[in-house]
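Residue numbers count from 1 along this sequence.
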Amino acid sequence: MRTDMRKNSKSSWPKVIARKWLNIPSGADEFQSDYAVNGETGDRRKSCCDQDYHSIVPENFSEGWLTETAGGIKPSKSMPEPPPVTDSLNLRMFVGTWNVGGKSPHEGLNIRDWLSSPAPADIYVLGFQEIVPLNAGNVLGAEDNGPAAKWLSLIREALNSDQSDKELARCYSDATEESSPSSLQLEQQASLKPRTSFTDLLSMEDELGEEDFERLLNLNSNSSEEGSPSPTYMSGSPARQHFCLAASKQMVGLFLCVWVRTDLYKHITNLKVSCVGCGIMGYLGNKGSVSISMTLHQKTFCFVCTHLTSGEKEGDEIRRNSDVAEILKRTKFSRSFRDLRQPFHPENILDHNKVIWLGDLNYRLAPGCVDTHELLKKNNWQALLEKDQLRIEQRAGRVFSGWEEGRICFAPTYKYLTDSDDYVVQTSNSKEKRRIPAWCDRILWKGEGLKQVWYSRGECRFSDHRPVYSLFSVHINLANKLIPTAISCPPRFSSKSALSSACGAKVQAEELLVIPGHKAA
């Protein structure tokens, strides 16, 4: 038996390599997701429309009333009625990106500094680059899922643990200790943790909602010196909400995961993933993108996590532009016959209502900037940004035409000495490549109803990159929500049951089922 297993393992390697070199999809539509939450268990059932696809359905879902709606799962009469639908919905979305330099996270790594923001979020979109070393074994061989599982565990703990409440309280307390610096001081001290000013609060009034805005306003007043406020007063506080994994996907070193409040999950449909390799020979996954598509309240979202061509030689920016064009061209979200009955289902990135592009875009400072070191010493970020290749290429219309990016008031995020606040170029003794500091790690967006209210970076020294994060206000118009149409087909059930809900079942192609017996109203 052991001999046979050893032979099978050896014989599978050429197949894996051949599939990667020939760009043959292998499980490209598969992703991980939480379905049952809060300790419930579920039974695995097979989809009636795709023979080999499956989903996880909580066991308290009766078989007679399950039906698909465009807004999610319709509850039975025995369950409490959902709150009345308003004309619009305002959510907060946290987006973060981090190149972790091929290092697997150690136990106890604190990522809460990266996940902190001026207001609690409803959706977290987190992208990683180089979660595994980009060596031949990882690029050509079987995928190493170990580091991804560790990152998911750390994120789940950070978002759902009691400690996050304390961190949130500290975040709001810190925001009241000092007034906001001027714009010039922001440019010169952008490496410090940004603080919430009265002007910033006024600009955030529409995005935060009345309760959150009044709470933050009170914190910035003179009467807030008695101590840190309890986060339970915040309407969106983690003390009241828990988060589940909507979807996660890995391609070599790229890893993207989307977390949502558990009460929002039932409104998410049409979860799809797509991977595009732009690395060796233009197809391998050492560079490229991982994208997740989803529908929330009939509005389509697309999150694109990318790692583009590296290098700071003249002309390397053209290769990065080419990577972006290839990703836009080759990213496709698969469809089944179920999707044909949907009012609209996007097949590519630009078909979506709202798009977030995040990652290590690798754009550097244009060559020939002789005063780079002096500008770094003076923390004159705005002068340095005039040499930023991404901005130059975008202004020229050669890449990301029509996309938006927020004002950058923080220090370059690359390249640092590991476990240090010093850039590699500032250390003459370093044996590492003497890269000119640059804003490699970026977050861009496209689409109506998205407004950025925060754009900053974290200070974790785990890798040679600093993490970057942004907070968005997301406006969703519910007034024109379409009435869904259910599809009826005979059910199929698998023999397996009682799967654990704790750490994500694998969902293939379709995340929700259609069970017969009911028609849409």
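- A salt bridge is defined here as a Lys NZ or Arg NE, NH1 or NH2 lying under 4.0 Å from an Asp or Glu carboxylate O, and R391 with E393 fails to meet this definition.
- Scanning for ring-ring contact (aromatic ring centres under 6.0 Å, His included) contacts around H475 gives an empty result, with sequence neighbours left out.
- Looking at residues two or more places apart in sequence or on another chain, you find no salt bridge (Lys or Arg N to Asp or Glu O under 4.0 Å) involving R320.
- Salt bridge D421/R461: present, at least one basic N to carboxylate O contact under 4.0 Å.
- Between D441 and R457, none of the side-chain N atoms (NZ, or NE/NH1/NH2) sits under 4.0 Å from a carboxylate O, so this pair counts as no salt bridge.
- Defined by atom type and a distance below 3.5 Å, a donor-acceptor pair is missing between the side-chain atoms of R435 and S310.
- For E347, the side chain to side chain donor-acceptor pair (under 3.5 Å) partners at least two apart in sequence or on another chain are R335.
- In this view, D351 satisfies the salt bridge (Lys or Arg N to Asp or Glu O under 4.0 Å) rule with no residue, not counting sequence neighbours.
- In this structure, S401 has no side chain to side chain contact (heavy atoms under 4.5 Å, CB included) partners at least two apart in sequence or on a different chain.
- D34 CG to R156 CZ: the interatomic distance, rounded to the nearest 0.5 Å, is 4.0 Å.
- Residues forming a ring-ring contact (aromatic ring centres under 6.0 Å, His included) with F400 (at least two apart in sequence, or on another chain): W357, W403.
- Between F333 and C302, the closest heavy-atom pair is CZ-SG, 3.8 Å.
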